[in-house]
Undergrad: 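Please see the structure below; I have some questions.
Here, residue 1 is the first one in the sequence, and each next residue gets the next number.
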Amino acid sequence: QVQLVESGGGLVQPGGSLRLSCAASGFTFSNYAMAWYRQAPGKERELVARISRFGAGTNYADSVKGRFTISRHNAKNTVYLQMNSLKPEDTAVYYCSPDGPNMDHWGKGTLVTVSS
């Protein structure tokens with residue numbers, strides 16, 4: 001019943017910005033930390049950012065620190081990823097997922113392509 005729907009991806013030039021959204025359902029959203037991951041072609045899935053249940057704590061991969069911001073709106077069951085100063089190496093399919101036991105659920109992801 002868990003459903004995760006990522007959106008907001010697209011084609012953007014280097015230096016541009018995108019905001020990704022993840023709409024969640026089928027579980028008590030505020031009981032779980034949420035995370036964004038990405039996977040580029042031929043590479044392993046990478047943790048990009050994580051946010052605690054009520055947003056007090058966040059963590060970022062070194063490669064995106066200072067450029068990306070994760071946030072959440074619990075009343076809307078939605079987590080966001082604001083991406084600024086995008087680089088070609090940010091090109092990947094981006095996924096969101098709850099963090100917890102028996103919560104290995106993934107949506108279809110949203111593709112971000114950074115290219116000039």
Side-chain angles (χ1 to χ4, degrees):
Q1 194 178 13
V2 172
Q3 188 171 359
L4 301 158
V5 181
E6 300 94 343
S7 63
L11 175 63
V12 64
Q13 294 185 1
S17 297
L18 286 173
R19 189 178 79 151
L20 307 184
S21 298
C22 172
S25 61
F27 64 99
T28 304
F29 185 74
S30 62
N31 281 356
Y32 294 90
M34 296 291 295
W36 283 96
Y37 297 79
R38 67 186 181 188
Q39 188 166 26
K43 295 188 176 181
E44 295 184 353
R45 183 171 289 169
E46 172 191 21
L47 176 65
V48 175
R50 182 184 184 275
I51 187 167
S52 62
R53 293 171 60 198
F54 300 103
T58 58
N59 293 282
Y60 298 92
D62 287 342
S63 58
V64 308
K65 197 169 298 182
R67 300 187 297 119
F68 290 11
T69 303
I70 188 171
S71 61
R72 65 191 296 164
H73 192 159
N74 284 352
K76 295 182 178 180
N77 285 9
T78 303
V79 61
Y80 306 94
L81 186 68
Q82 178 66 47
M83 306 186 295
N84 298 326
S85 302
L86 283 161
K87 304 175 180 179
E89 51 263 46
D90 295 319
T91 296
V93 178
Y94 284 72
Y95 303 88
C96 68
S97 182
D99 181 16
N102 302 311
M103 290 295 284
D104 187 21
H105 298 287
W106 305 91
K108 291 181 170 58
T110 185
L111 176 63
V112 172
T113 303
V114 185
S115 177
S116 60

Undergrad: State the CG-OG distance between Leu47 and Ser97, to the nearest 0.5 angstrom.
TA: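 Answer rounded to 0.5 Å: 10.0 Å.
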Undergrad: Over all heavy atoms of both residues, which pair between Ser30 and Asn74 is shortest? Give the atoms and the distance, please.
TA: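 Minimum heavy-atom contact is CB-ND2, 3.6 Å.
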Undergrad: For Tyr60 together with Phe68, are the ring centres under 6.0 Å from each other?
TA: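 No; Tyr60 has its ring centre 6.0 Å or more from that of Phe68.
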Undergrad: Which atom names give the shortest non-hydrogen contact between Leu18 and Gly8, and what distance separates them?
TA: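 Shortest heavy-atom contact: CD2-O, 3.8 Å.
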Undergrad: Which distance, rounded to the nearest 0.5 Å, do you find between the CE of Met83 and the CZ of Arg19?
TA: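 Interatomic distance, Met83 CE to Arg19 CZ, rounded to 0.5 Å: 11.5 Å.
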Undergrad: When you measure from the side chain of Thr78 to the backbone N and O of Lys76, does any donor-acceptor pair fall under 3.5 Å?
TA: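 Side chain of Thr78 to backbone of Lys76, a donor-acceptor pair under 3.5 Å: yes, one is there.
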Undergrad: List the steps, then state whether side chain to side chain contact (heavy atoms under 4.5 Å, CB included) holds for Lys87 with Arg67.
TA: CA-CA 10 Å; Lys87 304 175 180 179; Arg67 300 187 297 119; 3.9 Å; yes
Undergrad: So, Thr91 side chain and Thr113 main chain: donor-acceptor pair closer than 3.5 Å or not?
TA: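 No; zero donor-acceptor contacts below 3.5 Å.
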Undergrad: Check whether any side-chain heavy atom of Tyr32 sits under 4.5 Å from a side-chain heavy atom of Arg53, and report yes or no.
TA: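 No; the side chains remain at least 4.5 Å from each other.
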Undergrad: Could you pull out all residues at least two apart from Tyr95 that satisfy ring-ring contact (aromatic ring centres under 6.0 Å, His included)?
TA: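 Testing Tyr95 for ring-ring contact (aromatic ring centres under 6.0 Å, His included), a comparison that skips the adjacent residues, returns none.
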Undergrad: Does the distance from a Lys or Arg side-chain N to an Asp or Glu carboxylate O, for Lys65 and Asp62, drop under 4.0 Å?
TA: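 Salt bridge between Lys65 and Asp62, a charged N being under 4.0 Å from a carboxylate O: yes.
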Undergrad: Please say yes or no: joined through hydrophobic side-chain contacts below 4.5 Å, possibly via intermediate residues, are Met103 and Val48 part of one cluster?
TA: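 Met103 and Val48: one cluster.
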Undergrad: Roughly how far apart are Ser21 OG and Leu81 CG, rounded to 0.5 Å?
TA: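 Here the rounded value is 9.5 Å.
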Undergrad: Does Tyr37 belong to the same Ile/Leu/Val/Met/Phe/Trp/Tyr cluster as Val93, with side-chain heavy atoms less than 4.5 Å apart forming each link?
TA: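 Shared cluster, yes.
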Undergrad: Can you tell me if Glu6 uses its side chain to pair, donor with acceptor, with the backbone of Cys96 under 3.5 Å?
TA: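 Flag set: sc Glu6 to bb Cys96 pair under 3.5 Å.
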Undergrad: Looking at Cys22 and Leu4, what are the two nearest heavy atoms and their distance?
TA: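 What the structure gives for the nearest pair is SG-CD2, 4.1 Å.
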Undergrad: Is there a donor-acceptor pair under 3.5 Å between the side chain of Trp36 and the backbone N or O of Tyr80?
TA: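 It does hold such a pair.
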Undergrad: Is the shortest heavy-atom distance from the side chain of Pro14 to the side chain of Pro88 under 4.5 Å?
TA: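 Sidechains of Pro88 and Pro14: in contact.
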Undergrad: As a quick check of understanding, evaluate side chain to side chain contact (heavy atoms under 4.5 Å, CB included) for Arg38 and Val112, giving each step before the final call.
TA: CA-CA 9 Å; Arg38 67 186 181 188; Val112 172; over 6 Å; no
Undergrad: Pairing donors with acceptors under 3.5 angstrom, does anything connect the side chains of Asn84 and Ser17?
TA: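 Their side chains do contain a donor-acceptor pair, which is all the 3.5 Å distance test asks for.
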Undergrad: Under 4.5 Å between side-chain heavy atoms, counting indirect links through other Ile/Leu/Val/Met/Phe/Trp/Tyr residues: same cluster for Phe29 and Ile51 or not?
TA: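 They do share one cluster, since a chain of ILVMFWY contacts under 4.5 Å joins Phe29 to Ile51.
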Undergrad: Using the rule given for side chain to side chain contact (heavy atoms under 4.5 Å, CB included), can you reason through Ser52 versus Met34, listing the C-alpha separation, both sets of side-chain angles and the distance that settles it, and then say yes or no?
TA: CA-CA 7 Å; Ser52 62; Met34 296 291 295; over 6 Å; no
Undergrad: Among pairs that include at least one residue of residues 99-108, which meet side-chain hydrogen bond (donor to acceptor under 3.5 Å, both in side chains), considering only residues two or more places apart or in two chains?
TA: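 side-chain hydrogen bond (donor to acceptor under 3.5 Å, both in side chains) check on residues 99-108 returns Arg50-Asp99, Asp104-Trp106.
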